[in-house]
Structures are given as structure tokens and as C-alpha cells.
Amino acid sequence: MDVSHILDELNDAQRDAVTSDDQYLLVLAGAGSGKTRVLVHRVAWQIQAQGINPYSVLAVTFTNKAASEMSQRIQAMLQNPVPELWCGTFHGIAHRTLKMFYKEAHLPSGFSVIDADDQLRIVKRIMKDEKLDDALWPPKQIQWLMNSWKEEGKRAKSINAGNDLQKKAALQVYTQYEKKCIDEGLVDFAELLLKSFELVKDNAVVKAYFHKRFTSVLVDEFQDTNTIQFKWLLEILSKDTFVTAVGDDDQSIYGWRGARAENILGFEKNFKPAKTVRLEQNYRSTSVILDAANALISNNQNRLGKNLWTDSNKGEPITLYQAYHEQDEARYIADTIKNWMNSGGSYGEAAVIYRSNAQSRAIEEALLRIRIPYRIYGGTRFYERLEIKNAISYMKLAFNPADNLSFERAISNPPRGIGQKTLQNIRDASIKFGTSNFSAAGRMSQEGLLPTKAKNSIDTFLAFIEDIKNNLTELSLSETIDRLINFSGLIELYEKEKGEKGKTRIENLEELVTAAKIFEDDFPRDAALKDIAQTFLDNVSLDAGDAQASAHEDAVQLMTLHSAKGLEFPLVFISGLEETLFPHIRSMDSPDQLEEERRLCYVGITRAKQKLYITYAEIRKIHGSDVFNPPSRFIREIPPELMDEVRPRASVTMSFERKATQAPKDFKISEGISLGQRVAHKKFGQGIVLNYEGAGDSARVQINFDNVGSKWLVLSFANLEVL
DNA sequence: GTATTATACCCTTCT
DNA sequence: GGTATAATAC
């Protein structure tokens, strides 16, 4: 077979990596150096030149987006669909494994995958049952501790909490949590990995399956693997498996999720002899952009070190825009995109990137105002919306009656006369009977343990769930969901909700029906309706659900820095470069976390091919109140000669919003008092004005007192003396 | 006992 | 700005 097309258009280093016949290959690839390309071509090489069966290839990535892109590119390269090639995320592959070997994993066949939100709910419930004070131990932290243990591969019984009270509490919760998940057939994200790791390690049949099946295993974004993923990898490999790992320590941005960039170093230690190929030529960006990225990242101490270079031309300087506030920032971005469009560009070439999802709203509004189509990644994911989770809980319950979480959600939404009291009775009864809440409710009703009113609504509810189950023998998935949302009372519930909110909730529910329709169309005609529905439910939890947007429309892309990794765009805006936002306040006091923020910024900059804009706002509304933050330190770390600074034109701001003309630095909060002003208070002594919110009599000011620290005071009562 | 309304309180990033 | 919990109305 002629395989020259696989090697065309590759540089020496890339070709070296693609054709390497070493068993262990590590590719250290800088941003834009053709990392994915090497991976795709290597798969094609292995299949077409070395004769490896696609069935024996496993390609692992981190996000669903990356996985689908890779699988598409592989198929395009091979000019052949290869459904037997396993390509997916760690979580997706773990899930697939557990579905295949559910008996060996001691799971019910219909086990359900729960998201972080569901997990938190369970943690809260357990803490209540165990009488742990949630003020003392915030459930979120307990959840986080528990997950980090899981990511380290630790089970409750093997943990020694020592004298740490919080760890002790977390361990107590973990123990109960494990029990609960087993009882109810629930599997969380970390559990997918942990359980499938244990399964391969302890079960000879499963292990043999992996060892026999996979000749070649390729891992993308290796710097993002955490302990349990690395251990899992070691388990599935036989001594003859070919392993290719691709990574870039400068793009390690998942430390908070337990990722250990050191695993890159671990590769050479664990796989001997390993060949290492470095890809250092960047084909993506102009030299200005690349210089900026290199300068920024050189501020990090903790690096393996690498010199990214390009021979492409200089390109335009980076534009730095200082906005008055986030609306001004958003307006500037929208206008600039419009200009880009008018001078022959397309919307799809532009991406707006930000640190946290909450920032998207202002941008969306500005884009809407001048009618620029956009597509938003992540954010409050479609399937995480309240109304969607409510609707899905009916389906989940129909498939897995042991799922108490879904039981409670479904029975209380819409309210049907079953309140906390009855719910608690059901919970107590289910402990007594040793069954799920679902069957306990049925039994209580039969044995006359319920007051008439509660009995009636419970009976109708149980019958309704039974109905859903039966529907699935004749109706399609989308028809079932359509019936469900109409007959459950959810639509009526949201019709009552006033304002736009209820309306969009109903639209989302209708969208869910559409999503189901699209989903079922991908299945062969003869597939069992039940299986389609089951697969759909699994996907709902695992897939971020960016399928809802019209993927083919020419639209501006909005996303967080995290989801931008691996993508590239001719025109990129990185917005909100302000201290406390980016770098985020929660990462500012630890050097390690700060370096991760910087890598995040590095990832952002290197997304841009032609033109990069960096924007920040002087005033930003955080949780309703105005906050003044200095520009991000990352701006200063970019050499000034690479940047053009732009300030808002006065005329634009005047017409835009009057408030914007009030420059913050000399803004008078009240007579004689402005930010930075030293003042004296009768009780607290002297201090300096840091911040303010509101206006007139209700205005409040934040003052950092020399002796008692920072306090918020109502201006009209504070009786401050100007110094 | 349940449903509705008011207040408190949190707030990063992804699977 | 939104949701989860607490106090009140039904």
C-alpha cells in the first residue's frame, strides 16, 4: 500500500515521531507544533504501513471535543470509517469498560453516572444523617477531599485521616458515600476511573481482554493525566503494547483536578527504553504572538524547558484594550468582530475566551445587540440546567429504581403534595425495609402506612414512572420524553414561573426532545428502544452537551480558557485580564497555582493564529457590586513593544452609558470622599477607602482600617472624617 | 403538612 | 445573579 500521503507535509521531527518503531514513544510538543497531527498520522501509519488492526488501537484524550475531532481526522486520513477503533476520553473509555463488564465490576446493568452536582447533594444528605456540621466542614470541601482520594486511587478503608478533623469528617462521609453509591447503583466521575482501574487490576479476564486486544495505545495531553489514570494505563498495557504519549508541560492546566505534569517525567521512568521526540516549531501563530507567549511563560520556574520558534512572519501587534467596564469591553469585542467580518473574515474564525463562565453573559448581550451569531461552549451545560435535570430524573428513575436521588427529584418536581415530612417517612421506611425509596413508597402505600392524600399522589406518581417504562417498548426515546414533560406537570410548573425564565425553561425542555431525536437518529433501525434510551442517559452525564448549538452555522466561538485548549482561531480575544479574575483570586496565594494560571494564559495566547486582542475592564460587577481591579500581572509580562494600547473613545462611551464616563480613580463617592482617600472613624480609627457600592443614602464603602482591618460601612451613618 | 415567599449566602476551571 | 434554606402563609 502506498503510504506516502501519510508522510507528506510533515517536518523531520514530526516524521520521526510518526514512523518511529520504538515501543515507547514520548512526544514533547509545544503549542501549535502539530501535536494532534502527529497523533493522527501515527495511527494511520500503524494501521496502513505496519498493518496493525484498527480494532487493536486505543486512543485516549481528555475532552469529548478532542476525542471526536481526533476520530474524525483519523477516519478522513484513512478514507475509511473505523468504528472498531477505540477513541475516547478516559472517562468515556472507563464507562464503556464498566458497561461491558458490569457483572465483574459488581454493578447493576442499569447503573447511572452522576455529575458533580448530584454528588454534592449526596454529600450534604450524608452530612445531615451523620450529624456533621456543614458550617464547620463545607460540603464542597468534603466533596473535594473525597474526590482527591479517589483520584489517588484510595478507598475509604485504606485511608488514615490521622488527627486532621476535617479529614476525619471527610473520611466518615466517604465511607457512607461508598455504601450509598453501591446500594443505589450510582457511579460518579472519579469512580468511573477508580472502579475500572480496580477491575483491570484485579480481574484476570478483564485484564486479559485489554492485553490481548490492544497492540497500540496513544494518549493525548499526557500532562493532564492524574494518578489514577496513569495507574490505569499501566494496568491495561501488556509487555508488548506500543505506547505513544503526547504532551506539553507548559499546557498543564488541570492540576486542580489531580493532574500531575510529572507523569511526563514518569513516562521515561516507567517505560524503558523510551524514545523522546521534541516538536518545537510552531506552525500556528505569527511571531509576535509566539514571542508574547514565550515571554509570558518564561516567568514560570517549574518547567521542563523548551524553545518554541516559528519562521512565519511578524504579523500584527497584539491589541490591548482598556475598557471602562465589562459592557464596554464586550461592546468593543463585538464591534471588532463586526469589522473583521466586514473586511472579509467569517464569524467562525473568531473566538472570545475568558477565565470563568460567568463572564460570558456580557459578551453574549453585546453580540446579540448587533446580531452576531455565536456559539457557546460549556457554561451551565445544557444537561445541568434545573429543568433538564428534573425531566431526566424521571427517565433515570424508570431505568434504575434504586436511584434515590432521582426519586426525590422527580417526586418533588413539580410539587405534588409530597413534602419533606413524607419524604423523610419514605427514607426511614426504606432503611427499615432495606429497599430503595421507590419500592419503599410502593410498599407503604399498599400497607396503608400513608395518609390518604399522600397515598393518592404517590400512587399516581408510581404509576406514571411505570408508564414511562412501558412506553419505551413502543414509543421512541424522543416521544417518551415528549410525553413525559407534558404529562409530568413540568410544563405547567414553568408556565407559572413569571418572566422570561419560565419561557426559556420550557424552550429548553423542547430542546431536550430535539436532542433526543437527533440522538436516536444515529442508531440503526433495529436497535432496541430501551437500549437507545439507556445510552442516551449515560451520554447526558458524560457529554458536556455542546450538541445543542447549530454546529454548522458560521458563529463566533465563546469559551473558557480550559475548553479552548487544543483549538486554534485566526482571531482571538482574551477578555477580563484583571487581578483576582485572571489570575483568579483563589489561585493567587500559592505559587504553584499561580504558575498554573500563567500556563492557562499561555494556552490562551497560543490559540491565536493571526491577531490577538487582550482586554480588561476597570470596573467589573461581581455578584452585583462594582469592583475595581488592577490590570492582570500577565499583561506586564508581555513585552510592551509587542502590544498596541487602545483606550475607549470618549464619544463612544458617552453615548453608551453615562456611568461609564465616571472614571473610577477620581470618582467622588460622596462629598470629599473618593477611592484611596484616607479617612477616620470614631470607633475604628484611621483607614483608607478601598471600594464602594450603591449611591446616595444607601451607598456603602469598604474601608481598610489600620488597626481593625477591612470593613463595609453605610456611608450616611459612618460619619467619616476626611483626612 | 405542604406551598409560597423572603432572606442568606455562595461564587473557577472539566469529566 | 442564582439557588438553597428558613420563616410564614395556606
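In what follows, every chain begins at residue 1, and chains take the letters A, B, ... in the order their sequences are listed. From a predicted model like this one, the values you see are computed outputs, not experimental measurements.
A donor-acceptor contact under 3.5 Å is not formed by the side chain of Arg586(A) with the base of dT12(B).
dT12(B) has His584(A) stacked on its base ring, the centres lying under 5.5 angstrom apart and the planes within 30 degrees of parallel.
A salt bridge links Lys389(A) to Asp118(A): at least one charged side-chain nitrogen sits closer than 4.0 Å to a carboxylate oxygen. Classification of Glu408(A) and Arg125(A) as a salt-bridged pair holds, one side-chain N sitting under 4.0 Å from a carboxylate O.
Where Ile253(A) and Gly417(A) meet DNA chain B, the nucleotide closest to each residue was compared, and Gly417(A) sits on the side nearer the 5' end. For Tyr254(A) and Thr422(A), each mapped to the nucleotide of DNA chain B holding its nearest heavy atom, the one lying further toward the 5' end belongs to Thr422(A).
For the pair Glu365(A) CD and dG1(C) P, the computed distance is 8 Å after rounding to whole Å. Going from atom CD of Glu221(A) over to atom P of dT15(B) covers 12 Å, rounded to whole Å. When the P atom of dT13(B) is taken as reference, atom CG of Leu581(A) falls 11 Å away, rounded to whole Å. Straight-line distance from the CZ atom of Arg96(A) to the C1' atom of dT15(B): 17 Å, rounded to whole Å. Rounding to whole angstrom units, CD of residue Gln143(A) and C1' of dT15(B) are separated by 13 Å. Distance CD (Glu191(A)) to P (dT15(B)): 19 Å, rounded to an integer number of Å. In this structure, CG of Asp133(A) is placed 14 Å from P of dT5(C), rounded to the nearest angstrom. The distance from atom CE of Met588(A) to atom C1' of dT13(B) is 16 Å, rounded to the nearest whole Å.
Taking every side-chain heavy atom of Lys140(A) into account, dC11(B) is the closest of dT13(B), dC11(B), dG2(C). The side chain of Pro415(A) lies closest to dT4(B), out of dA4(C), dT4(B), dT15(B). Of the candidate nucleotides dG1(C), dC14(B), dT12(B), dG1(C) has the atom nearest to the side chain of Arg361(A). The listed nucleotides are dG1(B), dT5(C), dT15(B); the one nearest the side chain of Lys124(A) is dT5(C). In this structure, of dT5(C), dT13(B), dT15(B), it is dT15(B) that holds the atom nearest to the side chain of Thr89(A).
Note that Lys396(A) lies outside the cation-pi zone of Phe407(A), set by a 6.0 Å cut-off to the ring centre and a 45° limit from the axis.
Note on Arg125(A): nothing from the nucleic acid sits closer than 4.0 angstrom, heavy atoms only. Residue contacts shown for Arg121(A) are limited to sugar-phosphate atoms, with no base heavy atom under 4.0 Å away. Within 4.0 Å (heavy atoms only), Phe90(A) reaches no atom of the nucleic acid at all.
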Would you please test Asn147(A) and Gln119(A) for side chain to side chain donor-acceptor pair (under 3.5 Å) and show each step? CA-CA 10 Å; Asn147(A) 282 334; Gln119(A) 188 185 40; 2.9 Å; yes

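Side-chain N/O atoms of Asn437(A) and Arg427(A) include no donor and acceptor closer than 3.5 Å.
Between Ser563(A) and dC14(B) there is a side-chain N or O to OP1 or OP2 distance below 4.0 Å.
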